[in-house]
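Report on one structure; see the data block that follows.
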Amino acid sequence: MTEKYLIRDIGLAPRGQVKIEWVKARMPILRQLEEEFKETRPFTGKTVVMCLHLEAKTAYLAKAIQAGGAEVVAVASNPLSTQDDVVAALVADGIRSFAWYGATDAEYHMHLKRAVECRPDLIVDDGGDLVSLLHNECREQLPQVIGGCEETTTGILRLKAMEREGVLYFPMMAVNNAYCKFLFDNRYGTGQSVWDAIMRTTNLVIAGKNVVVAGYGWCGKGVAMRAKGLGANVIICEVDPIRANEALMDGFQVMPLLEAAPEGDFFITVTGNYGVIREEHFRLMKDGAILANAGHFDVEISKPDLDKLAVDRREARPNVEEYTMENDRRLFLLAEGRLVNLAAGDGHPAEIMDLSFALQAMSLLHLVDNQGRIKPGVHPVPSEIDRRVAAMRLDAIGVTIDTLTPKQDEYLTNWRG
Ligand code: ADE
């Protein structure tokens, strides 16, 4: 490996720096952690490889970890979410980065390999590509890795599969499953950023439209809740009977995707699965239907099926691909079916990523503090970390809450009556 970094244009750094300043001012928890890390330098001598969506909030996380003494290496977790100016700012600040917007599959893979060749002691992954590469192609690097953190639902699913097969080599902290992650980032973050991206790309009204949401996990709940708030009629498609009941009691219609297909004006996939909207659904959709994906990978809306059915195809607007079907119906796919909120937007709001990235930073610290004591496998974020992040946010925004009286404390533990 020769290159110190692989990015589009270092000259873009000043614009990236301004973006990072904007989010830093709105991430008080991470600011406090950065100050603590500057004092204690807990990551001194450690190389931390981060495979994340490389936009401003992530850049600030990288800088906070660097302030703790780490050599930080940044690589993209999605070829369309990289912001070239932000990556340039990282390099200008001494963070080795391997990413550019619009990387091909081969370039994306090459960037990951370059990052892994930096010999990570700790990793932060979003979606599991880094862990997968380490275990499949770069096994010589495995013994050095103390552990890592996973940001998202899809990554946790992949890690659990590895754990079940007994092949996961080091401990991974399931940051996605902490309360301060999924309750806020998955629900309110996705809910807001997905609609922000859809509205800025299409410039269409949502009120009075039929919005079909496939998947009613925490992200799907957020997308559906915000669609309702915008005045849409929301239809939920689910495979899980408990979640389907939840959607019904939250006031939504529930039906199979085949029934929803002719009704929808907007379709949003948030399942984490493959081939969710496919040929049989496209054939039934009405002219003008908008298709967007908010799941980690671009496999939820079948692009091969769209290509097969289309008689013509063109760019209708930036980030909007128009597919004309045989009977002149047009279907519009946003952001190539990639995570719409990051590929056609800036991701979740800074105040929300402050919580998620504070969990990441503190989970890395937990791994360092407990080096050699945590078994390989998928581990929950300790609840003290989760609660500290929640308390730090309340403190930062000046909200105080009640505390139990000693008698109430005693009452809660008294089982004798
Ligand atoms: N910004 C950085 N990482 C993100 C993520 N996983 N989801 C939304 N916005 C982000």
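Since we're looking at a predicted model, the values are computed, not measured. Read the numbers this way: they start at 1 and go in the same order the structure lists the ligands and their atoms. Numbering of residues begins at 1 and proceeds along the displayed sequence.
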| request: Let me see the working for Asn341 and Ser193 under side chain to side chain donor-acceptor pair (under 3.5 Å), right down to the final yes or no. | output: CA-CA 5 Å; Asn341 55 340; Ser193 61; 3.0 Å; yes
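The protein residues lying under 4.0 angstrom from ligand 1, judged by non-hydrogen atoms, are His53, Glu55, Thr58, Asp126, Glu151, Leu342, Gly347, His348, Met353, Phe357.
Across Arg8, Arg15, Lys19, a single residue satisfies side-chain hydrogen bond (donor to acceptor under 3.5 Å, both in side chains) together with Gln83, and that is Lys19. Considering Lys303, Glu300, Met285 as possible partners of Leu291, the one that fulfils the side chain to side chain contact (heavy atoms under 4.5 Å, CB included) test is Met285.
For Lys209 and Phe266, the positive end is not near the middle of the six-membered ring at less than 6.0 Å and at most 45° from its axis.
Applying the side chain to side chain contact (heavy atoms under 4.5 Å, CB included) test to Tyr101 and every residue at least two apart in sequence or in another chain returns Leu80, Asp84.
Between the side chain of Glu107 and the backbone N or O of Thr104 there is at least one donor-acceptor pair closer than 3.5 Å.
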